[in-house]
Amino acid sequence: MPAQPATDRIAQLLAGLNPPQREAVTHPSGPLLVLAGAGSGKTRVLTHRVAYLVHTGGARTGEILAITFTNKAAQEMRERVELLLGHSTRGMWVMTFHSACARILRSEAPRLGYTRQFTIYDQADARRLVKRCLDELGVDPKRFAPAAIHHQISDAKNKLRDAAAYRELVGSYFEQTVADAFELYERDLHRMNAMDFDDLLVRTVNVLELFPEVRARYGAAFRHVLVDEYQDTNHAQYRLLQLLVVGTPGRPSPRNLMTVGDDGQAIYGFRGADIRNILHFQEDFPDATVVRLEQNYRSTQTILSAANAVLAHNRGQMAKHLWTELGEGDAIRVRELDDEYAEARYVVGEIERMVDEGTGRSEIAVFYRTNAQSRVLEDTLVRREIGYQVIGGTKFYERAEIKDAMAYLTVLANPQDVVSFTRIVNSPKRGIGQTSLSRVLAHADTMGIPVWEAAAGAAGVPGLGTAAVRALERFMATMTSLRERVRQSVPVGDLLDAVLDESGYRDWLEAERTIEAQGRLENLEQLVEAAREFDAGAEADQDTLDVFLQQTALVAEADDRRDDEGLVTLMTLHNAKGLEYPVVFIIGAEEGVFPHSRSIDEGSLEEERRLCYVGITRAMRDLTFTYARRRNIFGAAGYTLPSRFLAELPPDLVDREGASVGGFGAGGAAWGTTGTATRPRAVTSWAAAQARDAPSADFRLGDDVVHAAFGDGVVTGVEPGGIVVVRFAGDGSERKLMAEYAPITKR
DNA sequence: CGTAAATGTTTTTTT
DNA sequence: AACATTTACG
């Protein structure tokens with residue numbers, strides 16, 4: 001393309017934008033909030049604004065920080081901006097919050113007592129560490145699940161509360177335990193030179209708050225900050241933006257913050273997202289310009305009206321007037337099936353029919369609430385030989401062999417990392433069991449030295465058997481030799497290859513001679529390949545291993561979504577946000593499944609409803625809901641009720657052939673055909689519906705019960721989800737039990 | 001110390 | 001039903 005005068009390029013950039021889009025793109029300066037309804041072209045506005053800023057000289061590429069929620073979105077944004085600009089976006093920060101923070105911390109973390117080689121722990125690593133802390137405290141992991149404790153800690157961190165601040169708010173024994181674990185956990189993380197996902201945000205905020213010169217530097221560097229999916233930001237992210245944008249007393253910054261979002265699509269509250277960030281933007285920035293994008297370019301009016309009608313059942317959403325020029329379109333189908341197998345057969349049958357009629361497979365998507373639901377569907381698709389892809393689910397980097405390989409590299413980069421060391425020391429088996437490992441760890445702890453050093457001096461570890469000492473010495477000889485190559489800056493791909501050979505990991509898998517091991521070997525080769533690609537693209541600096549590790553820790557999936565290959569796409573509703581498909585199926589529309597029983601229990605129904613809104617608005621022209629009358633969970637079959645969201649769809653927009661008329665609450669037909677003698681009382685969740693089939697589970701307040709292990713007790717509460725609360729006479733403890741599974745009987 | 005059996009727990013959603 | 005973790009045994 002020949003170079004054009006800037007004015008032409010700008011005119012071209014703005015052609016094809018509607019008036020509010022254009023207003024947002026050309027906004028001169030200062031805070032800007034874009035309220036962008038589903039399908040209203042928000043990515044378009046973001047990318048065009050970035051290009052506009054560069055073209056008009058409002059910012060150089062290096063002065064722009066564009067933050068997205070997922071890596072996928074970041075990559076897509078970068079590509080689209082490059083297309084608009086006609087050149088590379090090198091130097092522009094287009095990435096997720098976590099990536100941006102990791103990058104800042106790679107240079108600034110030493111100010112907080114970390115080295116540049118700090119390890120990033122994912123959820124699983126963090127949970128393992130929490131469990132270790134609980135062990136150290138002598139807490140029974142059955143009483144308090146490490147996952148629950150970690151969730152509390154994570155929640156606190158997202159609110160920028162440290163362990164001390166958390167302790168001040170303690171109000172129960174559970175929270176007391178969390179506070180204890182929190183302190184140990186933070187101490188261990190810092191000692192091990194490691195950060196969890198939340199730390200990336202928190203520590204960046206810490207650096208910016210503690211060091212005004214750092215804040216001034218980054219504040220000046222990013223003249224324009226653009227944030228996508230603003231409704232999903234948490235408090236730490238909010239604070240981070242304030243620090244970057246508001247500037248320092250002596251040096252006010254241009255406050256060029258553009259946030260784009262839709263309060264109707266806030267679906268990450270469970271992860272600490274605070275919807276108030278978007279609701280209060282105009283209070284934070286009273287001079288903010290607000291632009292509403294209300295024309296939808298994606299869906300038929302029927303689909304939009306249905307989405308609006310569902311969302312209208314929430315209180316306090318911002319008003320929306322989405323409209324479209326795409327016409328009425330077909331009714332939304334709702335179908336009732338016998339069970340999840342019939343449901344899968346129906347969906348796959350419809351897919352076959354549509355494909356026969358000329359629809360491309362890549363135009364079709366199936367959404368579900370939980371990953372586990374993909375399984376039956378996948379079986380059916382395989383049997384009918386329909387190509388499909390599953391987005392999300394078990395991630396490449398969460399596979400055991402990949403985590404092992406990464407742990408080897410991590411230990412080589414960060415010799416203090418106990419979690420990674422523990423992971424690899426006896427994998428493959430080299431005769432270093434739990435007992436020997438504990439001795440090494442304890443020794444490192446008492447001496448206050450890194451694990452690596454303790455292991456390297458195995459002979460000096462008290463209580464270690466000669467066999468264990470020898471095994472450790474062999475292991476550490478290998479590791480030391482590998483570490484030497486790190487020092488020489490051997491490319492990561494070569495290093496990883498050497499790790500797999502010299503650790504004996506490859507031989508170990510090859511010796512297994514199973515199909516599964518073969519698959520694992522292939523995954524590892526794929527990882528080596530990814531490392532070599534990284535080497536090829538890496539700049540010739542010395543920190544390649546650290547960069548590789550920190551970058552990889554933040555990338556969930558290696559295999560990307562493919563649009564062009566004629567594959568039907570399967571994913572969770574959460575994963576569907578930001579995407580669109582001509583044909584959409586939403587399966588498992590049942591109380592307890594969607595809305596999920598836990599949401600019902602925890603009172604986060606409005607968020608579930610927004611999730612439903614997100615799902616509906618992904619569809620361009622064809623939308624089908626299905627639900628099953630009977631569904632298996634934990635093995636046993638249970639009966640279900642149609643999702644309340646189905647009842648919220650305006651009847652005149654819906655085609656309910658084969659489905660019970662009236663939806664939720666009119667499930668009598670479904671129940672009647674099962675031959676069940678008693679009509680069920682109103683059930684609020686799936687588990688409760690299922691509990692109906694087990695008469696023994698019918699506990700009432702005040703019932704005297706006997707538990708196989710805890711002895712006599714009395715029922716002090718009955719909760720939705722088939723949970724009974726029992727206070728036991730033996731130790732006075734109060735426990736929540738699953739009525740159906742717990743070994744309790746009425747007296 | 002490692003393997004195999006037994007036991008108990010689990011399912012939201014994700015950077 | 002599937003999985004992880006704990007326990008028993010060689």
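Order of the sequence lines sets the chain letters (A, B, ...), proteins ahead of strands, with each chain counted from 1. We use all heavy atoms of the structure for the numbers below, so side chains are in, but hydrogens, waters and symmetry mates are not.
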Practice problem: Assess A:Lys157 against A:Phe182: is NZ or CZ under 6.0 Å from the centre of the six-membered ring, and within 45 degrees of the ring's axis? | Solution: no
Quiz item: Which residues satisfy the side-chain contact (heavy atoms from CB on, under 4.5 Å) test with A:Ala517, sequence neighbours excluded?
Solution: A:Leu509, A:Glu512, A:Thr514
Quiz prompt | Residue whose closest nucleotide on DNA chain B lies nearer the 5' end, A:Ser599 versus A:His98 | solution = A:Ser599
Quiz item: Rounded to whole angstroms, how far apart are CG on A:Asp274 and P on B:dT15?
Solution: 20 Å
Quiz item: When the distance from CD1 of A:Ile600 to C1' of B:dT13 is rounded to whole Å, what number comes out?
Solution: 15 Å
Exercise. Using a heavy-atom cut-off of under 4.0 Å over every strand shown, decide if A:Glu602 touches base, sugar-phosphate, or nothing.
Key: base
Quiz item: When we call it a touch if two heavy atoms are under 4.0 Å apart, what does A:Gln123 touch: a base, just sugar-phosphate, or nothing?
Solution: base
Exercise. For A:Lys131, answer base if it contacts any base atom (sugar-phosphate contacts may also be present), sugar-phosphate if it contacts only those atoms, and nothing otherwise; contact means non-hydrogen atoms under 4.0 Å.
Key: sugar-phosphate
Self-check item: Protein-nucleotide distance (A:Leu134, atom CG; C:dT5, atom C1'), rounded to Å
Solution: 15 Å
Quiz item: Is any side-chain nitrogen or oxygen of A:Asn575 closer than 4.0 Å to OP1 or OP2 of B:dT14?
Solution: yes
Practice problem: Grab the CZ-P distance between A:Arg271 and B:dT14 for me, whole Å please. | Solution: 9 Å
Exercise. Nearest whole angstrom, please: distance from the C1' of B:dT14 to the OH of A:Tyr121.
Key: 20 Å
Quiz item: With stacking defined as ring centroids separated by under 5.5 Å and planes differing by under 30°, is A:Tyr268 stacked against B:dT14?
Solution: no
Quiz prompt | Listed once per pair and sorted, the ring-ring contact (aromatic ring centres under 6.0 Å, His included) pairs that draw on residues 584-612 of chain A, sequence neighbours left out | solution = A:Phe594-A:Phe645
Practice problem: Name the closest nucleotide to the A:Arg375 side chain, picking from B:dT13, C:dT6, C:dA2. | Solution: C:dA2
Exercise. Using the test side-chain contact (heavy atoms from CB on, under 4.5 Å), find all partners of A:Asp135 that sit at least two apart in sequence or belong to another chain.
Key: A:Lys131
Quiz prompt | Test side-chain contact (heavy atoms from CB on, under 4.5 Å) applied to A:Gln237 - qualifying residues, sequence neighbours left out | solution = A:Phe97, A:His98, A:Leu201, A:Thr233, A:Asn234
Quiz item: Just to confirm, is there a sub-4.0 Å distance from OP1 or OP2 of B:dT15 to any side-chain nitrogen or oxygen of A:Asn71?
Solution: no
Quiz item: Do the ring planes of A:Trp93 and A:Phe222 sit parallel (below 30°), tilted (30 to 60°) or perpendicular (above 60°)?
Solution: perpendicular
Quiz item: To the side chain of A:His596, which of B:dT15, B:dT13, B:dT11 is closest?
Solution: B:dT11
Self-check item: A:Asp232 CG - B:dT15 P separation (whole Å)
Solution: 12 Å
Quiz prompt | Shortest side-chain distance from A:Phe197, nucleotide among B:dT14, C:dT6, B:dT15 | solution = B:dT15
Quiz item: What's the CD1-P distance between A:Ile633 and C:dA2, to the nearest Å?
Solution: 14 Å
Quiz item: What is the distance, rounded to the nearest whole Å, between atom CG of A:Asn371 and atom C1' of B:dT10?
Solution: 15 Å
Quiz item: Counting only heavy atoms not in A:Arg106, do more than 12 sit closer than 6.0 Å to its CZ atom?
Solution: yes
Atom pairs, protein N/O to nucleotides 1-5 of chain B N/O, distance under 3.5 Å:
| unit_1 | atom_1 | unit_2 | atom_2 | d |
| --- | --- | --- | --- | --- |
| B:dC1 | OP1 | A:Gly433 | N | 3.1 |
| B:dC1 | OP1 | A:Ser436 | OG | 2.4 |
| B:dC1 | OP2 | A:Thr435 | OG1 | 2.7 |
| B:dG2 | OP1 | A:Gly431 | N | 3.1 |

Quiz item: If you look at every strand shown and take non-hydrogen atoms under 4.0 Å, does A:Asp198 touch a base, only sugar-phosphate, or nothing?
Solution: nothing
Quiz item: Who passes ring-ring contact (aromatic ring centres under 6.0 Å, His included) against A:Phe270, sequence neighbours left out?
Solution: A:Tyr268, A:His574
Quiz prompt | Phosphate contact (B:dT14 OP1 or OP2) by A:Thr572 side-chain N/O below 4.0 Å | solution = yes
Practice problem: For A:Thr96 and for A:Arg598, locate the closest nucleotide of DNA chain B by heavy-atom distance; then report the residue assigned to the nucleotide nearer the 5' terminus. | Solution: A:Arg598
